[in-house]
Colleague: 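Next up is a structure, given as structure tokens.
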Amino acid sequence: MNSEQRIEWQLGGWSGLSPLLGWLIFLLIALVGAALTAWFYRHTLRALTWRQRTIFVTLRVAFLLLLLVCLASPMRVQRTYEADHDKRPLAVVVDHSASMTTPDQRGITRLSSALHAWKKVETDAIRSFALLRYFRFSESLHEASDLESAVNSSESGNGTHLYDSLNQVMKNAGPGGYGGIVCLTDGLDTTDETPEILGAEAAQNHCPIYFIAGQNQQSAHETLFVREMNVPGQVRRKSQFTATVLVEAHGLHERDVPLSLWQDGQSIAETRLHIRPGANLIPWTVPINSDQPGLIHLACRLGEGAEQESTAAAVRVVAQEQIHVLFYQGSLDWNCRFIDTALQGDASFQITSLYNPDLNLTRVVSPSSQPSTLTQLPDAMADLQPFQIVVLSNVYADQMSPAQQAALAGYVEGGGGLLFLVSDTTMARTFSGTELEKMLPVIFEAPPKGADDDESLRSFQELMHSLGGSNRTPEGEFASGAEATSGLDPLKGFAIPANSTHSKVAALFGSAAGGRLKNLPRFVTYARVHGLKAGAQTLAIHPDEETADKTPRALLVTQRFGQGHVTALLTDGLWRWRLSLPSTSHDPQIFWQQLFLALAGQRTSRTGLRFALQPFSASLGKTCLFRLSGAQGSGPPVITAVSPRGASRTLESQLDSSSDSWSFQFKPGEPGTWRIRAEDERGAQMETLLRVSHVSHAEELSGLPPDVDGLRKLAESTGGSLLNDGVPVTWSTTSSADLTTLVSKHSEPVWDTWIILLLALGFYVSELVWRRQAKLL
Amino acid sequence: MAPLGIRTFLEYIRFMSELTRQHFLRLIAAGGASFLGLNSLASAQQSLKGPPVPWGRLKFIGENGDQEDWHVHPHGDLNLIDSIRDETTVNLDKKWNVADVADLNSMAQYPFLFMHGELAPVLDETAQKNLREYLLRGGFLFAEDCVNGYNHHGSNRKNDYFFRSVVEQLPNILPGSKIEKLPMDHPLFHCFYHFDEWPHMQGTEWGPHGLIHDGRVVALLSPSDLHCGWANGDRWFGPGKQKISMEMGANIYLYAMTQAA
């Protein structure tokens, strides 16, 4: 970031004057003042000597000059700009191992496929980064002069040292490091290294990693398995939740396979998945209704006959879950009151309302609100833990200390939910570059120029003042004119993004009793967003406005951050929508309650039992590292590995207090499908399958499919993305001339006005004393 | 028009030439310290301003078909808007909007409506239905007696026709509600400025009354013509009256905005 500092003069209302112009005006007024003072002292009650007159004029002029200095009010203004493009170079690293350069039956290599994808984004990369540096690796890393020499090398290594090579690229970077790393690879590291260290190094160096997965139909055999079954660990009774099954398959031929979901021994949903030749990663989402408190046992069955696999999970249903919400209002508007009213309709919401102490407001909370000792937004993570959701409403960045922002970041990373309400682009822009901004799923635009006050209103006020404060005729004329132009901007309705369905949004906002939101929310003002961050999901968009690159303007966006989620609602607090609907309509209540339930549910699902880290496959002799999160209870969860032959063995785990998860290792002793089961003290259960292959992962040409999902997760953990999905929004698409964006502006007075005023008064007192002595008073 | 500072400076030069010792001391007490405080307070207030919020004046028909009484002294509203913008962090949009009690859609644009008149309002079935619906949806009404805005009843400073009429009509318009006089320890009087007594400009001193529905104050009814204090309080009611009426006006808007469910 660049910053500049300059002095600006604000002469009694004029701001932004340069020092030279300020001095000129200052001197002009001082001369006029001195001349007038001398003129007024020409005629006094008593005759004065020349010396007396000079002293009086000097004292008066000194007083006036100092007063003028107070009015001048020079400010030291520091502006910080953020360059729109990163001046650090981009490293392009090409995986030149055998698995990348061996052609499939069509003659296509994974490297050529990755290169083809790179060509689509290369222009944007060149625009965004000042310089590109090229490398290639297989078992060792080599620098290349250009892309061609990196790609067309005759050497193809028999190993893939992916993580180590990328680490070396980062370590050997010049001053400032790289602005990013793009790696063309299939993600099949043949060493025993794990990606965690690489991810941590990249995050620490602020060096996002972007992967381009090279894919072809090279495979020694077909694979088909459930990679992940994602269900919340705990849900409320009479609510709806979703189970998401992720199926990974590598096929040599096209075929269909059946997939079904079973609840407590009964089939509740079935589908057929279409497998194409090559790599397939297919998600399947099933909505499930919870009933009475207890355990729901779910099983997912993939395939049929002898090759059928199943994996299982258990979801706990609770009677009532108190959702504690901390609502922090940074500046005054009608949000808190209307949202508070909407949530009060459901007793499971406990709201603690806080107003920014600088607002000087004495607020009496309702008896139904949660009593709290908090007087301001906590700056320690522990104080935020009792809340499932924290709402920041109309908060300026400089209202929050670094400690408060860090506490919020830690709270969300640990699984908390954050709802960020902002409808004003100016306000939103103040978060650029802050700790909080890293969590937000959007990048804000520069604010538009605000409208000036209507001068005619000022004129009318002055007219009435001059008329003595009351006159029917001008009042009537004013009222008629105002009535004709009265009214606010019309309400506009949320729109649903083209790549989602209405039912998806309605499922998010529909009531637990099965009702559906009849009316989508409607708004007036919204904050403009330049783009979304990688991994952000848009839930609602503006019905007709678009950004410069023709994408719809986002209104409701959510994104995962660590274990938690951050959701940004970029519109006003929807109170006008509430006022526009009949009093019998409950749609605003449904919207707010379901939105908050969804936010709390995301935290609930994260606190539910899940495998936060698991290998997608293993080979004989390879130690696999697992991490289990969301286990409740004081003791470790019970983890069991069940062999393909049905033999069980208990695995020991260790608590990782920094991530609040349990880590364990497992080295499979026979090939086949192993079941890894976990159960915590409250009875929540989760199971995953581990396919152990005869083929060793350490073999370069193992025939394993590219680890696309693993590459995506690793990239996102560093702030990057999988470039096969598209160009990241943070890469500039405009010309990289001197585009800079104002990030922050800080002003402080050059001198202390209080001291100068005291000095001025001193001169005036002296003049009065002399006037008394000269019998002028 | 020259900025305020320049005009102040030129006026000050002339004023200071004839300043006596007493006037000087008064100046120090009233102006010198506040000069500095005002600067820092103003810049601090600016950085806390939220998104703009609107002000609305309610149009209604008065007795005998009067169609003017409702818009008496609109500059009073503008003066209050200026005061709230300057003295609080509420970003009240400086626009005099009109909502018609006969048109619910126009009312529903404003979370706060100011209803003011000297004559008793004539609320037909549509107006009553609209008012009821507006309050049930979450709107807030501040209804105040203008006492003798356009001298419909002469210059009697005890007129209370408007106040008595709304006190009688509103509980019938909103079933399940009741009118209660608000005690001085009510949060309305302490949410921003602190008041030990209700600032009464003119009219009959019935005191401030709230229309309570489901435990919430949905309307404030005042016989005390604070609005004329906003319009020209110092000249009409005495020094300091404009300031205190503005402060009460700020409290009313802030209370309506922030009162808990």
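Throughout, a chain's letter reflects where its sequence line sits, starting with A, and its residues are numbered from 1. Reckoned from all heavy atoms, side chains included, excluding hydrogens, waters and symmetry mates.
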Colleague: Give, as side chain, backbone, both or neither, the part of A:Pro582 having an atom under 4.5 angstrom from any heavy atom of chain B.
Modeller: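 Answer is both: backbone and side chain atoms of A:Pro582 are under 4.5 Å from chain B.
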Colleague: If I take atom OG1 from residue B:Thr89 and atom CG from residue A:Asp358, how far apart are they, to the nearest 0.5 angstrom?
Modeller: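 Rounded to the nearest 0.5 Å, the OG1-CG separation comes out at 9.5 Å.
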Colleague: So do the side chains of A:Ser470 and B:Asn232 get within less than 4.5 Å of each other, counting heavy atoms only?
Modeller: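 No. Closest side-chain heavy atoms not under 4.5 Å.
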Colleague: Taking side chain as everything from C-beta outward and backbone as N, CA, C, O, which of these in A:Leu463 sits under 4.5 Å from a heavy atom of chain B? Side chain, backbone, both or neither.
Modeller: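 For A:Leu463, there is no contact with chain B at all, as no heavy atom is under 4.5 Å.
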Colleague: Please examine the side chains of A:Phe460 and B:Pro74, heavy atoms only from C-beta on, and report whether any two atoms are closer than 4.5 Å.
Modeller: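 Yes, close enough: below the 4.5 Å cut-off.
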Colleague: For B:Gly138, does its backbone N or O pair with a side-chain atom of A:Arg578 as donor and acceptor, under 3.5 Å?
Modeller: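 Such a contact is absent between A:Arg578 side chain and B:Gly138 backbone.
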Colleague: Which donor-acceptor pairs under 3.5 Å do side chains of residues 182-192 of chain B form with protein atoms, sequence neighbours excluded?
Modeller:
| from | atom 1 | to | atom 2 | distance (Å) |
| --- | --- | --- | --- | --- |
| B:His186 | ND1 | B:Leu188 | N | 3.0 |
| B:His190 | ND1 | B:His194 | ND1 | 3.2 |
| B:His190 | NE2 | B:Met184 | O | 2.7 |

Colleague: Distance check, rounded to the nearest 0.5 Å: B:Asp93 atom CG versus A:Leu488 atom CG?
Modeller: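 With rounding to 0.5 Å, CG (B:Asp93) is 8.0 Å from CG (A:Leu488).
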Colleague: Give me the ring orientation class for A:Trp334 and B:Tyr253: parallel if the planes are under 30° apart, tilted from 30 to 60°, perpendicular past 60°.
Modeller: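 Aromatic pair A:Trp334/B:Tyr253 classed perpendicular.
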Colleague: For B:Ala256, is it the side chain, the backbone, both or neither that has a heavy atom under 4.5 Å from a heavy atom of chain A?
Modeller: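 When you check distances to chain A, atoms from both the backbone and side chain of B:Ala256 fall under 4.5 Å.
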Colleague: Hey, which of A:Asp424, A:Asn471, A:Leu359 has the most heavy atom pairs under 4.5 Å with chain B?
Modeller: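 Most heavy-atom pairs within the cutoff with chain B belong to A:Leu359.
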Colleague: Does B:Arg57 reach the main-chain N or O of A:Ala479 with its side chain, forming a donor-acceptor pair under 3.5 Å?
Modeller: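 No; zero donor-acceptor contacts below 3.5 Å.
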Colleague: Non-hydrogen atoms of chain B under 4.5 Å away: do they reach the side chain of A:Phe338, the backbone, both or neither?
Modeller: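 For A:Phe338, side-chain heavy atoms alone lie under 4.5 Å from chain B.
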Colleague: Is chain B contacted by the side chain of A:Asn356, its backbone, both, or neither, given a heavy-atom distance below 4.5 Å?
Modeller: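 The side chain, not the backbone.
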Colleague: Is it the backbone or the side chain of B:Pro54 that comes under 4.5 Å from a heavy atom of chain A, or both, or neither?
Modeller: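 For B:Pro54, the side chain is the part near chain A, not the backbone.
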Colleague: Under 4.5 Å from any heavy atom of chain A, what part of B:Leu78 do you find: side chain, backbone, both or neither?
Modeller: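 For B:Leu78, the contact with chain A is made by backbone and side chain together.
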Colleague: Which bit of B:Gln109 comes within less than 4.5 Å of chain A, counting heavy atoms only: side chain, backbone, both or neither?
Modeller: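 Both backbone and side chain.
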Colleague: Can you find a pair of side-chain heavy atoms, one from A:Ser486 and one from B:Tyr110, that are under 4.5 Å apart?
Modeller: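 A side-chain contact exists here, since the closest heavy-atom pair is under 4.5 Å.
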Colleague: Is the shortest side-chain N to carboxylate O distance from B:Lys49 to A:Asp333 below 4.0 Å?
Modeller: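 Judged by the 4.0 Å cut-off on N to carboxylate O distance, B:Lys49 and A:Asp333 do not form a salt bridge.
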Colleague: Please report the interatomic distance CZ(B:Arg216) to OG1(A:Thr341), rounded to the nearest 0.5 Å.
Modeller: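 Going from the CZ atom of B:Arg216 to the OG1 atom of A:Thr341 covers 6.0 Å.
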Colleague: Given 3.5 Å as the limit, does a donor-acceptor pair link the side chain of A:Glu483 with the main chain of B:Val98, or not?
Modeller: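 Looks like no, no N/O pair under 3.5 Å.
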Colleague: Would the distance check show the side chain of B:Glu133 and the main-chain N or O of A:Ser583 forming a donor-acceptor pair, the cut-off being under 3.5 Å?
Modeller: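 Indeed, once roles are kept as given, a pair shorter than 3.5 Å links the two residues.
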Colleague: Less than 4.5 Å apart, side chain to side chain, heavy atoms only: is that true for A:Leu361 and B:Thr258?
Modeller: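 A side-chain contact under 4.5 Å exists here.
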Colleague: Would you please test B:Asp82 and A:Arg458 for salt bridge (Lys or Arg N to Asp or Glu O under 4.0 Å) and show each step?
Modeller: CA-CA 10 Å; B:Asp82 283 342; A:Arg458 174 72 58 196; 3.7 Å; yes
Colleague: Hey, are the side chains of A:Arg337 and B:Met257 touching, using non-hydrogen atoms and a 4.5 Å cut-off?
Modeller: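 No, too far: nothing below the 4.5 Å cut-off.
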Colleague: What residue in B:Gly76, B:Ala108, B:Pro111 has the most heavy-atom pairs under 4.5 Å with chain A?
Modeller: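 Most heavy-atom pairs within the cutoff with chain A belong to B:Pro111.
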Colleague: When rounded to the nearest 0.5 angstrom, what distance separates CZ in A:Phe478 from NE2 in B:His75?
Modeller: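 It comes to 10.5 Å.
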Colleague: Does the ring centre of A:Trp575 sit less than 6.0 Å away from the ring centre of B:Phe112?
Modeller: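 They do not qualify: ring centres at least 6.0 Å apart.
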Colleague: When you check the side-chain N and O atoms of A:Glu475 and B:His73, is any donor under 3.5 Å from an acceptor?
Modeller: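 Distance-only check passes for A:Glu475 and B:His73.
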Colleague: Less than 4.5 Å apart, any side-chain heavy atom of B:Asn79 and any of A:Gln461?
Modeller: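 Side chain of B:Asn79 against side chain of A:Gln461, heavy atoms only: contact under 4.5 Å found.
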Colleague: Given that the side chain runs from C-beta out, which part of B:Asn105 has a heavy atom under 4.5 Å from chain A: side chain, backbone, both or neither?
Modeller: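 Contact with chain A: none, neither part.
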Colleague: At a 4.5 Å cut-off on heavy atoms, which part of A:Ser580 comes close to chain B: side chain, backbone, both, or neither?
Modeller: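 Contact with chain B: backbone only.
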Colleague: Relative to chain A, which segment of B:Lys95 carries a heavy atom at a distance below 4.5 Å: side chain, backbone, both, or neither?
Modeller: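 The answer is both parts of B:Lys95.
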Colleague: Just so I understand: if I count every heavy-atom pair under 4.5 Å between each of A:Ala342, A:Gly469, A:Ser331, A:Ser480 and chain B, which residue has the most?
Modeller: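 Top count of heavy-atom pairs under 4.5 Å with chain B: A:Gly469.
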